[in-house]
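First the structure, in the form of structure tokens, and then the observations on it.
For the single chain, residues carry numbers from 1 onward in sequence order. Start at 1 and go down the list; that is how both ligands and their atoms are numbered.
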Amino acid sequence: MSVFEYAPAPESRSIVDIQPSYGLFIDGEFVDGTGEAFKSVNPATEEVLTEVSAGSEADVDRAVTAARRAFTRVWGPMRPADRGKYLFRIARLLQERAREFAVLESLDNGKPIRESRDVDVPLAAAHFFYYAGWADKLDHAGLGTSPRPLGVAGQVIPWNFPLLMLAWKVAPALAAGNTVVLKPAETTPLSALLFAEVCQQADLPPGVVNIVTGAGETGRAVVEHRDVDKVAFTGSTEVGKSIARAVAGTHKSLTLELGGKAANIVFDDAPIDQAVEGIVQGIFFNQGHVCCAGSRLLVQESIHDEVIASLQRRIGTLRVGDPLDKNTDIGAINSAEQLARIKELSDYGETEGATRWQPACDLPDRGYWFPPTIFTDVSPAHRIAREEVFGPVLSVLTFRTPDEAVAKANNSTYGLSAGIWSEKGSRILKVANQLRAGVVWANTFNKFDPTSPFGGYKQSGYGREGGRHGLTAYLKGADRP
Ligand code: NAD
Ligand code: MN
């Protein structure tokens, strides 16, 4: 693997206290579910961490009823500044318990502790701080004076950023005066259950936040419940489409954050070393389980060989392994299912004629692992250039002119994000304006901030999360009844 030898620097897991089993969090308490129990495993070791309950329709109904009651009697009528105080309290508790959340997230999800510690948890707290500030300023949300909350929000989130996606969903909903029923992903329920404890610790009124664990059927019950006013979903385009069909013709409002196939465009005047860091960060951050990952590298033909050689050298130094080790760059693939999908698409890449490169890399015997991978000789028609791999796999394509770069970047059914690397500001602005992507980064990649709206074009979904835009998705006002 690497030419450097490091001593292992594992984070201690003794800070987390995982119960042998968990119920559902409904109306401020942990209660037994009526559905079957299922296991959550540590994908780095295949160790069973705990058992959680698969919420049934009856459980979801109980949660929605609690959320409705809390909305009508407590949270809706509460003074906005007081709602803000609860959000500030939650934000501070997330900070206080940051190390516990980071270790738990890395155990259940497989992501490197460096990322859960430095990205997921601080950003989750930042979202609560940011939206806490909005709670008593809703008149400035851009929806006229005294905009009103929608009511009960049903929220379904994926496994790639379990706590952060919870924060993206729960913080704006509560700040706007809604109550929520949230379903975490089946492979990563634990940080949401710890968040439920934080709600208790913050004395949040019962029923304002309800957490119902389970798989797709539980998610469907949340989305289709007749007393839910707003549905917010992040996950695959396929499930997003089925949710859009289920919600069509009802009174529910809907926001969808779906997949992506971002182009990361490197022009010949870009600083190569910085661009290489950005390419690595763009595709290998969180094992590539990122909807806005820079999974299509578009490199100008004249610098192709230089960029690839430099990229290969850099990838050779990445450390793949124990997510709890502070030196680890790439952790475990989240599940056996996701690993199978990554393998299938990568093998198909070779079948279609692309060239696979992987560094020499010792992978642990147990757990789900995939080495950092780049494909060259990729054509825009290949599946690895079109479909979301959602793993540490980069497809490299080339272009000659800026127009060709824009055309190739936009040649996608997705439009979530993009990156541009160039020394020329004028070129960056010109290209950015032509890209059909919700977020465009210039000379950087995968930068997130709660003040900045995030969302897609085309099959990447609709609606925005983050910033003022994210708040309005949970409000109705004079110009949006
Ligand atoms: P998924 O869309 O099936 O799961 C996301 C969430 O939706 C989970 O909580 C799941 O339980 C729930 N769900 C599943 N079916 C549902 C239904 N009919 N109604 C309501 N909720 C439902 O995603 P996945 O199977 O975990 O991953 C498949 C692919 O999706 C990945 O390979 C990746 O390409 C993509 N993905 C994208 C994102 C993203 O952030 N955009 C996140 C996860 C996965
Ligand atoms: Mn897990």
(Q) Among all protein heavy atoms in this structure, tell me which lies nearest to atom 16 (C) of ligand 1, with the distance rounded to 0.1 Å. (A) Val239 CG1, 3.4 Å

(Q) Counting non-hydrogen protein atoms only, what is the nearest one to atom 24 (P) of ligand 1? Give residue, atom name and distance. (A) Trp159 NE1, 3.8 Å

Q: Find all atoms of ligand 1 within a distance of less than 4.0 Å from any non-hydrogen atom belonging to Thr234, and give their numbers and elements.
A: 40 (O)

**Q.** Protein heavy-atom partner closest to atom 13 (N) of ligand 1 - residue, atom, separation in Å
**A.** Gly216 CA, 3.7 Å

(Q) Under 4.0 Å from a heavy atom of Pro158: which atoms of ligand 1 are those, numbered in the order shown and with their elements? (A) 42 (C), 43 (C)

(Q) Leu258 versus ligand 1: do any nitrogen or oxygen atoms come within less than 3.5 Å of each other? (A) yes

Q: Answer yes if the ring centres of Tyr474 and Tyr131 are under 6.0 angstrom apart, and no otherwise.
A: no

(Q) Using a 4.0 Å cut-off to any heavy atom of Val156, which atoms of ligand 1 qualify? (A) 6 (C), 7 (O), 9 (O), 12 (C), 21 (N)

Q: Would you mind listing which atoms of ligand 1 come within a distance below 4.0 Å of any non-hydrogen atom of Gly219?
A: 19 (N), 20 (C), 21 (N)

Q.
Going by the closest heavy atom to atom 1 (P) of ligand 1, which one wins out of Ala215, Pro162, Ser236?
A. Ser236

Q) Can you check whether Trp168 and Phe161 have ring centres sitting under 6.0 Å from each other? A) no

**Q.** Which residue and heavy atom of the protein sit nearest atom 31 (C) of ligand 1, plus the separation
**A.** Arg341 NH1, 3.4 Å

Q.
Parallel, tilted or perpendicular, judged at 30° and 60°: which one describes the rings of Tyr130 and Trp134?
A. perpendicular

Q: Would you indicate whether the side-chain heavy atoms of Asn334 and Asn160 approach each other to under 4.5 Å?
A: no

Q | Subset of ligand 1 atoms that lie under 4.0 Å from at least one heavy atom of Ala185 | A | 9 (O)

Q: Find all atoms of ligand 1 within a distance of less than 4.0 Å from any non-hydrogen atom belonging to Phe233, and give their numbers and elements.
A: 2 (O), 6 (C), 7 (O)

Q: Say whether Lys183, considering both its backbone and side-chain N or O atoms, lies within less than 3.5 Å of an N or O atom on ligand 1.
A: yes

Q.
Quick check on contacts: which atoms of ligand 1 are under 4.0 angstrom from a heavy atom of Glu186?
A. 8 (C), 9 (O), 10 (C), 11 (O)

Q) Going by the angle between their ring planes, with limits at 30° and 60°, are His289 and Trp159 parallel, tilted or perpendicular? A) perpendicular

Q: Could you tell me whether Gln338 approaches ligand 1 through its side chain, its backbone, both or neither, with non-hydrogen atoms closer than 4.0 Å?
A: side chain

Q: Scan the protein's non-hydrogen atoms and note whether one is under 4.0 Å from atom 4 (O) of ligand 1.
A: no

Q) Are any of the side-chain nitrogens in Glu217 or Arg220 under 4.0 Å away from the carboxylate oxygens of its partner? A) yes

Q: Among all protein heavy atoms, pick the one closest to atom 9 (O) of ligand 1 and tell me residue, atom and distance.
A: Ile157 O, 2.8 Å

Q: Please check if atom CD in Glu387 has more than 12 non-hydrogen atoms from other residues, nucleotides or ligands closer than 6.0 Å.
A: yes

Q. Could Arg99 and Glu11 be called an ion pair, given the rule that one side-chain N must be under 4.0 Å from one carboxylate O?
A. yes

